[in-house]
Amino acid sequence: MDAKIIIVVAADQGLRRSVAFALEVEGHPTESYDTVQNAEASCQEALCTILDDEILKSETLAATRLLNNLGRRAILLVDGLSAPQPRANYTTLTKPFTGADLLGVINSVIEAAT
């Protein structure tokens, strides 16, 4: 696994495709998964992982554990209506967001990693 890959985890296929497309257009390779269980192994070696908050509803324990384990290498996509999650060291990005918003958060994660 190349440490430059960005993992996208979202139950919604349209969201996964949109986020992956926006990142790939900017030269960031991605891998997309529909469950935390399928993504977990890849997340450990990736540059960062983008996790949609809807996954927290279906895989609460696994998603929470993954967020805590990844810390600053995790980005949680949230809507303004979701119950706030106990804050670990991950970044949040509120939906709806623009490509520029997403890239700004990714660039912050990259800078923090170097």
Quick one: pull up [atom1] in [X] and [atom2] in [Y] and give me the separation to the nearest 0.5 Å.
X	Y	atom1	atom2	answer
Thr92	Leu51	OG1	CG	12.5 Å
Thr60	Ile55	OG1	CD1	10.0 Å
Ile106	Glu26	CD1	CD	11.0 Å
Arg73	Thr49	CZ	OG1	6.5 Å
Thr91	Ile50	OG1	CD1	10.5 Å
Asp53	Thr94	CG	OG1	9.5 Å

Taken in chain and number order and not counting sequence neighbours, the residues that satisfy side-chain hydrogen bond (donor to acceptor under 3.5 Å, both in side chains) with Thr30 are Glu24
Scanning both residues in full, the closest heavy-atom pair of Tyr90 with Ala74 reads CB-O, 3.4 Å
Closest non-hydrogen atoms of Leu102 and Ala22, given as atom of the first, atom of the second and distance, are CD2-CB, 4.2 Å
Notebook entry, point to check: Passes side-chain contact (heavy atoms from CB on, under 4.5 Å), Leu56 versus Leu67? Steps please.
Noted result: CA-CA 10 Å; Leu56 287 169; Leu67 284 170; 4.2 Å; yes
Legend entry - Full working for side-chain contact (heavy atoms from CB on, under 4.5 Å) between Leu70 and Cys43: CA-CA 8 Å; Leu70 293 175; Cys43 292; 4.2 Å; yes
Could you pull out all donor-acceptor pairs under 3.5 Å where a side-chain atom in residues 9-17 meets a protein atom, sequence neighbours excluded?
{"from": "Asp12", "atom 1": "OD2", "to": "Gly14", "atom 2": "N", "distance (Å)": "3.1"}
{"from": "Asp12", "atom 1": "OD2", "to": "Leu15", "atom 2": "N", "distance (Å)": "2.6"}
{"from": "Arg16", "atom 1": "NH1", "to": "Ala10", "atom 2": "O", "distance (Å)": "2.6"}
{"from": "Arg16", "atom 1": "NH1", "to": "Ala11", "atom 2": "O", "distance (Å)": "3.2"}

Residues passing the side chain to side chain contact (heavy atoms under 4.5 Å, CB included) test with Glu40, sequence neighbours excluded, are Val36, Arg65, Leu66
Sorted by chain and number, sequence neighbours left out, side chain to side chain contact (heavy atoms under 4.5 Å, CB included) with Thr35 holds for Gln37, Asn38, Glu59
Residue pairs passing the side-chain hydrogen bond (donor to acceptor under 3.5 Å, both in side chains) test with at least one member in residues 98-109, sequence neighbours excluded, are Thr98-Asp101
Using a 4.5 Å side-chain heavy-atom cut-off and chaining through intermediate ILVMFWY residues, the residues clustered with Phe21 come out as Val25
